[in-house]
Chemist: 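Encoded as structure tokens, here's the structure I'll be asking about.
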Amino acid sequence: MKSLRTPKKVRGLFYFVLLVFKKGFLMTPSNTAETTQALSSARELTGSQLLLELLRREDVDTIFGYPGGAIMPVYDALYDYRDSIRHILVRHEQGAAHAAEGYARITGKAGVCMATSGPGATNLVTGIADAMLDSVPLVCITGQVGRAFLGTDAFQETDIIGITVPITKWNFQVTSAEELLTVIPKAFAVAQSGRPGPVLIDITKNAQFEKISIDWSNPEKRAQVACKRILELSGIREAARLLNEAARPLMLVGHGVLLAHAHDEARMLAEKGAIPMASTLLGLSAIPTSHPLYVGMLGMHGNYGPNVLTNQADVIIAVGMRFDDRVTGKLSEYARQAKIIHIDIDPAELNKNVQVAVGIVSDARQALRGLLPLINREPNPLWQAEFTRCRTLEEEKVIRHDLSPRDGLPSMNKVIADLGEITHGEAILVTDVGQHQMATARYYPFRRPNSLLTSGGLGTMGYALPAALGAAVGAPGERIVAIIGDGGFQMTVQELGTISQAQAPVKIIILNNNFLGMVRQWQQLFFDKRYSFVEMENPDFIKLAEAYKIPAQRVSDCSEVPAAIQTMWETPGPYLLEVVCEKEQNIFPMVPAGASIADIRLQ
């Protein structure tokens, strides 16, 4: 009896033809676009497909993420959207959150990041907290175990909703596909309205698989969140009266000025009223550092002038800032002589730390535009002479010393000054956290708004590398420079792989002093130079960069720095420059913790 099995050659030919047919069908160049178009008009979608269609309708063009079991149905659906939504595969979920932050900061749109349940979701937490404190709009999407398994300690189940309640503007757990229709539009509305911030949407696996019928013919109902307030004219008039009568006014410019695109209004108000301006760390770049009325950065490592002037001013107008402890120093001695006008979009910030004479809950641009026509004051020559004196004093006592040539290794301050000269103050800088951050804030000549991205409120080491990646993706024509210490660099060093794979043209400067520099400075000044676990034995950063196929260079002589920066600046694509710096350089001026800002130390 003959075998009924098909001969091997025939079977082989059959499978070959089938494979060619399937590959040809799947790999047709127009296939993805056609599939996306079909899904956009489909009447029945899975929850995963619906999610991506809703993201597309929110103008999402980029997702930073890392796949895993509980989010895998969404990633499968994402395959059909790869022509309209770019996915950047990070090397760690923390990198996804920070990259989304960088993207949001540079574009003004909500950044989107995505991760699986359990450790994937918890790895986003640092970036979410960072975004909350710095008012950065994020929509974070996490996968979750199926609804039937919630609360059973299933594999990779974590209560990410409970974990993120204190660090999000809003979060929600989706357990059915239908909920996505209202939840996703609301997520973007909440993230981007009022004071921006992060939102987290946790989607159970059953909701991702579940099918739902959609009627796209109905007009979309976009979520509306009440955020526009009617400007209180009485507050505006009182603020104008105080400023017009002031002998020694001072304007404090915060991050809210940049978020509201109110940098022109802030400058015009200062010019019209002859009011000196200072900025918070996150307010840097709102005002060009070369402006004659600009006196520098406030706070613990800020310039001498604004800290001294704060305790001399009779009226302070604070715009879009929150009077945090790094700005105020000892609260009981902060600006006791001044009447304070506080403009902020978040009513919770008014009278939270500092009691104010006039509180105005408003978008910064709207409030400043209301104030402008009411300002009519004569300049005070004595006050102008005082802020000129402060600036001159700092130039003579601090800046010349910090930037003067030295024997031996380069100083961080001089490296930043050289970078500013070569880039003409036109680069977008992304800094990590530490001494290099303060050197950048003090010595880079910012000439354009929104050109400094840094972690302010949370002070997150490891922020810069992924945030710079996100900024480069969000603004492909811009020059992005990440300035990082050797400690912070190693916290997210794996994102070199993402930068290499994405060919993001991020220029990286590592200021390497083989120390956790800021902690070491505090230990030197306030703990009798007991250097407790702050010295670092670092890897060869050049070989590390080369392993990721990123060109790199190391310099350790002051005279080599400008040429090395020029080479980095002119090299296409990503580049890493390591500058071996002075090991025990300190960053001054400095206000000791718990001291009054009037007690600022120049050395």
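Side chains included, hydrogens not; waters and symmetry mates left out as well; all remaining heavy atoms used.
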Chemist: For residues L525 and M590, determine if any side-chain heavy atom of one lies less than 4.5 Å from a side-chain heavy atom of the other.
Modeler: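 Yes; the side chains approach each other to less than 4.5 Å.
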Chemist: Working to the nearest 0.5 angstrom, can you tell me the gap between I128 CD1 and T142 OG1?
Modeler: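 It is 8.0 Å, given to the nearest 0.5 Å.
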Chemist: In Å, rounded to the nearest 0.5 Å, how long is the span from CZ of R326 to CG of L281?
Modeler: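 R326 atom CZ to L281 atom CG measures 10.5 Å (nearest 0.5 Å).
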Chemist: Does T498 form a side-chain contact (heavy atoms from CB on, under 4.5 Å) with L89? I'd like the steps, not just the answer.
Modeler: CA-CA 7 Å; T498 314; L89 176 63; over 6 Å; no
Chemist: Applying side-chain contact (heavy atoms from CB on, under 4.5 Å) to N413 and Q585, what does each step give before you reach the verdict?
Modeler: CA-CA 10 Å; N413 305 319; Q585 176 193 350; 2.9 Å; yes
Chemist: Search all heavy atoms of I483 against all heavy atoms of H436 and return the closest pair with its distance.
Modeler: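 Scanning both residues completely, I find the closest heavy atoms to be O-CD2, 3.2 Å.
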Chemist: Any donor-acceptor pair under 3.5 Å linking the side chain of Q490 with the backbone of G487?
Modeler: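 No, Q490 side chain to G487 backbone: no donor-acceptor pair under 3.5 Å.
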Chemist: Kindly give the heavy-atom pair with the smallest separation between I85 and V60, and that separation in Å.
Modeler: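 Smallest heavy-atom distance, with atoms named: CG1-O, 3.7 Å.
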Chemist: Just checking, is any N or O donor in the side chain of Y444 or T423 under 3.5 Å from an acceptor N or O on the other one?
Modeler: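 The criterion, which ignores hydrogens and geometry beyond distance, is satisfied for T423 and Y444.
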Chemist: Check whether N311 reaches the backbone of N307 with its side chain - one donor and one acceptor, N or O, closer than 3.5 Å.
Modeler: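 Not a single qualifying donor-acceptor pair exists.
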Chemist: Would you say that more than 12 heavy atoms from the other residues, nucleotides or ligands in this model lie under 6.0 Å from the CZ of F387, or not?
Modeler: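 Correct, the count exceeds 12.
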Chemist: Side-chain contact test, heavy atoms from C-beta onward, threshold under 4.5 Å: evaluate it for V591 versus I600 and give yes or no.
Modeler: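 Yes, side chains in contact.
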Chemist: More than 12 non-hydrogen atoms from neighbouring residues, nucleotides or ligands closer than 6.0 Å to NZ on K352, yes or no?
Modeler: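 Check passes, neighbour count above 12.
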Chemist: Could you tell me whether R322 and E349 have a side-chain N and a carboxylate O separated by less than 4.0 Å?
Modeler: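 No, this pair does not count.
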Chemist: Indicate yes or no: at least one non-hydrogen side-chain atom of D540 is less than 4.5 angstrom from one of R554.
Modeler: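 Yes, side chains in contact.
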Chemist: Using a 4.5 Å cut-off on heavy atoms from C-beta on, say whether the side chain of N353 contacts that of Y334.
Modeler: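 Y334 vs N353: side chains apart.
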Chemist: Could you point out which residue of T289, L419, I416 forms a side chain to side chain contact (heavy atoms under 4.5 Å, CB included) with Y443?
Modeler: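 With Y443 as partner, side chain to side chain contact (heavy atoms under 4.5 Å, CB included) holds for just one option, I416.
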Chemist: Find out whether N586 and R520 are in side-chain contact, i.e. whether some heavy atom of one side chain is under 4.5 Å from a heavy atom of the other.
Modeler: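 They are in side-chain contact.
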Chemist: Tell me if a side-chain donor or acceptor on T122 pairs with a main-chain N or O of P119 at a distance below 3.5 Å.
Modeler: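 Indeed, once roles are kept as given, a pair shorter than 3.5 Å links the two residues.
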Chemist: Can you give me the closest heavy-atom contact between E93 and A115, atom names plus distance?
Modeler: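 Reported closest heavy-atom pair: CG-CB, 3.8 Å.
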Chemist: Nearest 0.5 Å, please: how far is CG in D134 from OG1 in T460?
Modeler: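 Spacing of OG1 (T460) from CG (D134) equals 8.0 Å.
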Chemist: Enter the distance from H301:NE2 to R442:CZ here, rounded to the nearest 0.5 Å.
Modeler: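 These two atoms lie 9.5 Å from each other.
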Chemist: Is it true that a side-chain atom of R448 and a backbone atom of E426 form a donor plus acceptor pair closer than 3.5 Å?
Modeler: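 Flag set: sc R448 to bb E426 pair under 3.5 Å.
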Chemist: Rounded to the nearest 0.5 Å, how far does CD1 of I88 lie from CZ of R86?
Modeler: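 That separation rounds to 3.5 Å.
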Chemist: Do K583's NZ or CZ and the ring of F515 fall within the cation-pi criteria of under 6.0 Å and 45°?
Modeler: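 Output yes; distance and angle both within limits.
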Chemist: Run the side-chain contact (heavy atoms from CB on, under 4.5 Å) check on N303 and V295 step by step: do they pass?
Modeler: CA-CA 8 Å; N303 296 83; V295 292; over 6 Å; no
Chemist: Any donor-acceptor pair under 3.5 Å linking the side chain of R479 with the backbone of W569?
Modeler: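 Checked: pair present.
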Chemist: When you look at CZ of F533, are more than 12 heavy atoms from neighbouring residues, nucleotides or ligands closer to it than 6.0 Å?
Modeler: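 Counting neighbours around CZ of F533, 12 or fewer heavy atoms of other residues, nucleotides or ligands fall under 6.0 Å, so no.
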Chemist: Taking all atoms of both residues into account, what is the closest heavy-atom pair of A464 and V430, and its distance?
Modeler: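 Of all heavy-atom pairs spanning A464 and V430, the closest is O-CG1, 3.6 Å.
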Chemist: Is there a side-chain contact between I480 and P505 in this structure, where contact means two heavy atoms from C-beta onward sitting under 4.5 Å apart?
Modeler: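 No - every pair of side-chain heavy atoms lies 4.5 Å or more apart.
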Chemist: Test I63 against I141 for side-chain contact (heavy atoms from CB on, under 4.5 Å), laying out the working first.
Modeler: CA-CA 10 Å; I63 296 173; I141 298 167; 6.0 Å; no
Chemist: Within a radius of less than 6.0 Å around CZ of F527, do more than 12 heavy atoms belonging to other residues, nucleotides or ligands occur?
Modeler: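 Not more than 12 within 6.0 Å, no.
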Chemist: Any chance the side chains of D61 and Y103 put a donor and an acceptor closer than 3.5 Å?
Modeler: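 A pair is found: one side chain offers a donor N or O, the other an acceptor, under 3.5 Å apart.
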Chemist: Can any side-chain N or O of D346 pair as donor or acceptor with the backbone N or O of A348 at less than 3.5 Å?
Modeler: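 Looks like yes, one N/O pair under 3.5 Å.
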Chemist: Give a yes or no answer on whether the side chain of Q523 reaches the backbone of S532 with a donor-acceptor pair at less than 3.5 Å.
Modeler: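 Side chain of Q523 to backbone of S532, a donor-acceptor pair under 3.5 Å: yes, one is there.
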Chemist: Should the heavy atoms of other residues, nucleotides or ligands under 6.0 Å from CD of E271 be counted, would the total exceed 12?
Modeler: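 Yes.
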Chemist: Quick one: are Q553 and E560 in side-chain contact, heavy atoms under 4.5 Å?
Modeler: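 With C-beta onward as the side chain, the pair stays apart.
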Chemist: Could you tell me whether the side chain of R601 and the main chain of P592 form a donor-acceptor pair under 3.5 Å?
Modeler: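 It does not hold such a pair.
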Chemist: Any idea which heavy atoms bring I510 and L576 closest together, and the distance?
Modeler: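 Where I510 meets L576 most closely, the heavy atoms are CD1-CD1, 3.9 Å.
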Chemist: Any side-chain to backbone donor/acceptor pair from D432 onto Y463? Under 3.5 Å, distance only.
Modeler: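 Yes: the side chain of D432 pairs with the backbone of Y463.
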Chemist: Taking all non-hydrogen atoms of both residues into account, name the closest pair between S135 and H255 and its distance.
Modeler: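 Scanning both residues, the minimum pair turns out to be O-CE1, 4.5 Å.
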Chemist: Between T567 and A563 (side chain of the first, backbone of the second, donor and acceptor by atom type, cut-off under 3.5 Å), is there such a pair?
Modeler: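 It does hold such a pair.
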Chemist: Can you measure from NE2 (H92) to CG (L124) and round to the nearest 0.5 angstrom?
Modeler: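 CG of L124 is found 9.5 Å from NE2 of H92.
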Chemist: Is there a side-chain contact between V199 and T168 (heavy atoms, below 4.5 Å)?
Modeler: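 No. Closest side-chain heavy atoms not under 4.5 Å.
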Chemist: Less than 4.0 Å between a side-chain N and a carboxylate O, is that true for R195 and D344?
Modeler: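 Between R195 and D344 there is no salt bridge, as every charged N stays at least 4.0 Å from the carboxylate O atoms.
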